[in-house]
Amino acid sequence: GDSAYTRGVSPRAVFPTLYPILDAGVLSQDPTLRRGELLRLVRCVVDAGVTILQYRNKQDTDTQVLEDARWIRDAAGPEPTLILNDRVHLVEQAAFDGVHVGQHDMTPAEARRILGPDRVLGISTHNPDQVAAVADAAVDYIAIGPVFATASKQNPDPVVGLEGVRTARQRTQKPLVAIGGITPQTALAVMEAGADSVAVISAIFGTGLGAERGPAIAPEQAGKNAKDFLRLFR
Ligand code: TZP
C-alpha cells in the first residue's frame, strides 16, 4: 500500500511536517487574475520551504480544476509533491503526484486501482474508528479532523481535539496528518499529540470558504505564514 513516495523508508519519518491546502475559495473567477494569484501564491509557499501542497476545489468544473492544476504545477516546479482533492480521474492529466479522498468519495482500493502503485493517496477521517478502518488500506497517509473549530469547511464533523489525535495515533502506523483550525500557536501541541504533519488552510492562505473575490491575503504573507509553521518544526 505504499507509493514510490515512501517506499524503502519509514513513511512517518519522511512525511512533510507542514501540508498547506490551497482552497479555490480564495481565488478570483477572472481567468487572468486567477492565473496570477495561483502562480504567486504557489511560488511564495514553495520558496518558503513547503514540499507538499494540496489543491482543494469543491465548486468548479473539471475543466477549470485541470487548468488551475496545470498552473500550480508550473509554479511549483517538478519537485514539490502536489495533491489534488477528490478528482482522482484528473491527477494524471494535471501532472499531480497524488490525490486526497474523503469518506464519501471512492474507497481507497478503488482510488488506488485508478492511480496505480506510484502515486500518493491520502484519505480524510473524522474520528479514531475511521482511522482504524483504513489503517491497513492502500493509502500513504491518513488525515484526521477537524482537530479544532474551522471556518474552512462546510458542515464540518464534530471537533476531535488533541485527545482525538492521541487516540488516532494509537490506531495507525501510517503518517497521520492533523487538520482543522491549526495555527502556529497550536501546531506543536498537535504534533506532540502524535501527528506527523499539520494540514492548514486559513492560517496560511487566509479565509478559504466564504472569501469574496480575490485572494484573502498577499502571496508574500502566505509565504511568511508557511515559514512561521516550518520554523516551529526545526
Ligand atoms: N477538513 C477538516 S477541517 C478542514 C478540512 C478540509 C478545513 C481546514 O482548514 P483550516 O482553515 O486550516 O481550519
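When a ligand or atom number is given, it counts from 1 through the structure's own listing order.
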S.K.: So is Arg56 in contact with ligand 1, going by heavy-atom distances below 4.0 Å?
M.R.: yes
S.K.: Can you list the atoms of ligand 1 that are under 4.0 Å from a heavy atom of Ser152?
M.R.: 7 (C), 9 (O), 10 (P), 11 (O)
S.K.: Under a 4.0 Å N-O cut-off, is there an ion pair linking Lys153 with Asp23?
M.R.: no
S.K.: Under the ring-ring contact (aromatic ring centres under 6.0 Å, His included) criterion, do Tyr55 and Phe96 qualify, and how do the steps go?
M.R.: CA-CA 10 Å; Tyr55 182 52; Phe96 267 36; 7.3 Å; no
S.K.: Checking side-chain hydrogen bond (donor to acceptor under 3.5 Å, both in side chains) against Ser124, which of Gln130, His104, Gln103, His100 comes through?
M.R.: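 Exactly one option meets the side-chain hydrogen bond (donor to acceptor under 3.5 Å, both in side chains) with Ser124, and it is His100.
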S.K.: Looking only at non-hydrogen atoms, find the nearest pair between Val160 and His126 and report the distance.
M.R.: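 So the minimum-distance heavy-atom pair works out to CG1-O, 3.2 Å.
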S.K.: Checking side-chain contact (heavy atoms from CB on, under 4.5 Å) for the pair Glu67/Arg35: CA distance, chi angles, key distance, verdict?
M.R.: CA-CA 9 Å; Glu67 190 180 315; Arg35 191 180 103 193; over 6 Å; no
S.K.: Suppose I only count heavy atoms of Gly181 and a 4.0 Å limit; which atoms of ligand 1 are within that range?
M.R.: 10 (P), 12 (O), 13 (O)
S.K.: Looking at Ser202, which atoms of ligand 1 are within less than 4.0 Å of one of its heavy atoms?
M.R.: 10 (P), 11 (O), 12 (O)
S.K.: Which is closest to atom 13 (O) of ligand 1 in terms of heavy atoms, Asp157, Ile204, Thr150?
M.R.: Thr150
S.K.: Regarding ligand 1, does Ile201 bring an N or O atom to under 3.5 Å of one of the ligand's N or O atoms?
M.R.: yes
S.K.: Show which atoms of ligand 1 fall inside a sub-4.0 Å distance from at least one heavy-atom site of Val200.
M.R.: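 Near Val200, the atoms of ligand 1 are 12 (O).
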S.K.: Do the side chains of Leu84 and Val65 get nearer than 4.5 Å, heavy atoms only?
M.R.: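 A side-chain contact exists here, since the closest heavy-atom pair is under 4.5 Å.
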S.K.: Hey, does Ala203 sit under 4.0 Å from ligand 1 if you only count heavy atoms?
M.R.: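 Under 4.0 Å: no for Ala203.
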